[in-house]
Amino acid sequence: MCGIIGINSNKPVSSTIVNSLKKLEYRGYDSAGIATLSSGLINEVKSEGRVDNLEKNSLVQNMEGTIGIGHVRWATHGSPNSINAHPHSSQNVSVVHNGIIENSTLLKKFLVSKGHKFKSQTDTEVIVHLITENLKTDNIVNSIKKTLKSLHGSFALGIIFKDQPDLIVGARRGSPLAVGYGPNENYLGSDSYALKSMTNKITYLNDGEFCIIKKDHVEFFNEEGIKINKKVLELSSTEEKYNKGDYKHFMAKEIEEQPLTLKNGINEYVDKSNNDINIYNFPWKTNEISSVTLIGCGTAYHSCLMAKYWFEELTSLDVSVDIASEFRYRKNRFKKDSLYVFVSQSGETADTYAALDLCKQNNMKTCAVVNVIESSIARDSEFVLPIHCGTEIGVASTKAFLGQILILYIMSLKIGLWRKDINKEIFGKKLKDLKELPNLVEKTLLTDNKIQTISGTFNEAKGSMFLGRGFSYPIALEGALKLKELSYVHAEGYPAGEMKHGPLALIEEGMPVVVLAPRDNYYKKTISNMQEVIARGAKVLLITNKSKDEIVSENIWEKIEVESTNEDLLPFLLTIPLQKLAYYSALKKGYDIDKPRNLAKSVTVE
Ligand code: F6R
């Protein structure tokens with residue numbers, strides 16, 4: 001992952017670099033660092049942990065230099081300490097890197113044999129020494145070209161040179177990189193978001209390209225070192241102001257915002273006057289499509305899994321779901337009549353992007369369901385359905401999950417109607433229920449105190465299980481993921497019907513088990529599975545929806561009732577108590593809720 005920034009200006013750059021790094025923390029927060037050029041030397045300051053630590057360092061506050069690079073790290077090679085923090089520098093060259101150099105061990109051996117001394121355990125340091133070595137015989141362009149050719153793996157790089165005090169080099173393969181243009185200064189950044197407070201004029205580098213950034217102009221090169229022209233894009237100049245307001249954490253705010261973000265999503269796609277769904281400019285005829293493959297990672301993968309149930313229910317398409325890191329290396333059978341849907345909040349997830357790239361190379365139909373519309377996945381997909389839920393800061397995805405499943409539900413409904421797999425009457429009824437969803441989510445959000453109390457039991461236990469069947473199964477997986485990533489306790493999501501095939505052996509006296517059993521087609525079956533875990537000593541937290549019918553089961557430890565709606569939409573409501581459970585568990589433990597350990601918001605390494 002990692003975030004990189006570079007500024008070439010005629011004013012001191014250190015404080016602007018630090019401010020941009022704060023915006024890049026969603027890419028990693030293990031360490032931060034900065035390097036500038038002044039008085040013919042490379043100055044380097046690095047700190048373990050957050051950008052705040054770097055900012056407090058008096059060396060940064062007094063740092064000189066009108067040209068510099070900065071980095072926030074998500075550790076891949078070497079532990080997250082200040083020695084492994086970027087930038088990495090030799091006497092002549094300083095480098096920041098996002099990505100992984102797969103042949104770093106071999107390259108290091110070669111460089112050590114040439115007398116180069118290494119200070120860190122990172123893969124990045126080989127880039128520093130390779131450039132230093134190549135500069136002995138080549139000019140800047142040729143040494144960069146030669147260095148990039150020696151590297152296997154993925155990278156976005158920012159490089160400064162002691163003997164070239166007027167330029168920054170940027171280079172990209174696999175990891176995203178943008179160049180920005182300002183008045184008498186130019187920039188380099190992992191994305192346009194980091195540059196937005198400085199400029200809305202952006203050029204994105206493509207794979208294999210590199211650039212030389214001077215104060216007054218930027219030159220671009222292809223991988224052969226031949227100069228190329230690139231377009232300057234003008235992005236919207238409004239910088240979104242997003243803060244926690246009165247909330248303790250972004251995650252708490254993002255959970256509470258969900259009625260509003262769902263309303264925004266519905267307003268974007270649902271045509272109220274005609275009681276219809278508007279998906280404008282859908283580039284394919286629906287009879288050209290006979291199957292859909294949904295691809296994502298983590299929570300976005302759970303959204304894909306959720307969508308499978310809806311697509312199968314509402315359309316006659318064949319549906320498959322894939323984890324992007326698996327899809328990209330499998331021997332796929334690409335079919336002309338298949339639609340590939342890539343689901344991603346950030347739109348920058350490396351594995352999801354690679355899966356998209358693979359589909360494009362095979363001339364497949366590609367559609368992105370993303371939150372960040374300026375992202376690589378959005379830019380490079382044939383068709384984009386934005387989820388319109390606004391910036392999500394909390395590393396654990398909440399409102400983006402509901403946003404993703406909302407758009408996937410809308411998509412399955414509309415495709416079902418287009419293909420005449422559902423009739424207008426059913427479509428109209430489901431649309432009417434959908435419009436009510438934000439209100440029901442709002443009401444469900446009021447179930448609060450009980451969850452705070454319950455969360456303590458999950459923290460004390462060795463582990464917990466989350467069970468569901470049918471529409472509730474993907475939500476069980478998502479609930480377990482939220483709990484483990486926030487409160488660092490083991491939690492496993494499972495299809496309730498699968499317990500007897502092995503996992504039942506885990507159940508012991510007092511183990512907390514969440515059972516999602518809304519009153520849908522699977523209700524009775526799930527209740528039977530619940531009995532089986534209660535019989536073996538589990539403390540069951542039953543999450544169901546409000547109903548006149550009594551639950552015919554004894555010995556349930558706790559029960560939470562969400563609002564009622566049609567069974568397609570119950571997954572939205574079941575998600576709310578699970579998000580809160582994870583939030584309160586982490587809160588009780590005093591953990592960093594918005595930035596859980598070892599994680600990052602945007603996963604730009606594979
Ligand atoms: C978990 C979470 C992650 C992301 C995953 C994909 O709460 O947020 O599992 O869902 O890293 O990220 P995007 O959606 O940006 O592709």
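If you're wondering where the values come from, they're calculated on a predicted model, not measured in any experiment. We count ligands from 1, going down the list as the structure has it; atoms in each ligand are counted the same way.
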For [atom], the protein heavy atom that lies nearest, with its residue and separation:
atom	answer
atom 3 (C) of ligand 1	Thr299 N, 4.0 Å
atom 15 (O) of ligand 1	Ser346 OG, 2.6 Å
atom 5 (C) of ligand 1	Cys297 O, 3.5 Å
atom 12 (O) of ligand 1	Thr349 OG1, 3.4 Å

Atoms of ligand 1 less than 4.0 Å from [X] heavy atoms?
X	result
Ser344	13 (P), 14 (O), 15 (O), 16 (O)
Gly298	9 (O)
Ala300	10 (O), 14 (O)
Val603	11 (O)
Gln345	13 (P), 14 (O), 15 (O), 16 (O)

Strictly under 4.0 Å, does any heavy atom of [X] approach an atom of ligand 1?
X	answer
Ile377	no
Lys482	yes
Ala396	yes

- Task: Working to the nearest 0.5 Å, report the span between CG of Leu406 and OH of Tyr269.
- Result: 9.0 Å
- Query: Just how far is it from atom CZ of Phe342 to atom CG of Asp322, taken to the nearest 0.5 Å?
  - Reply: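 These two atoms lie 10.0 Å from each other.
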- Query: Just checking, Arg172 and Phe155: is the charged tip under 6.0 Å from the six-membered ring centre and within 45° of the axis?
  - Reply: no
- Message: A cation-pi test, strictly: NZ or CZ of Lys23 under 6.0 Å from the centre of the six-membered ring of Tyr193 and no more than 45 degrees from its axis. Yes or no?
- Response: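 Judged by the rule, Lys23 and Tyr193 form a cation-pi pair.
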- Say whether, by atom type as modelled, one donor and one acceptor occur between the side chain of Thr453 and the main chain of Asn449 under 3.5 angstrom.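 Side chain of Thr453 to backbone of Asn449, a donor-acceptor pair under 3.5 Å: yes, one is there.
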- How about Phe466 and Tyr494: are their ring centroids closer than 6.0 Å? no
- Query: Counting only heavy atoms, which portion of Glu485 has something under 4.0 Å from ligand 1: side chain, backbone, both, or neither?
  - Reply: side chain
- In terms of side-chain geometry, is the basic nitrogen of Glu392 or Lys253 positioned less than 4.0 Å from the acidic oxygen of its partner? no
- Query: Going by an N to O cut-off under 4.0 Å, is there a salt bridge joining Asp592 and Arg50?
  - Reply: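 The answer is yes: the pair qualifies as a salt bridge.
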- Hey, what's the ring geometry for Phe334 with Phe327, parallel, tilted or perpendicular (30° and 60° as the breaks)?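 Aromatic pair Phe334/Phe327 classed perpendicular.
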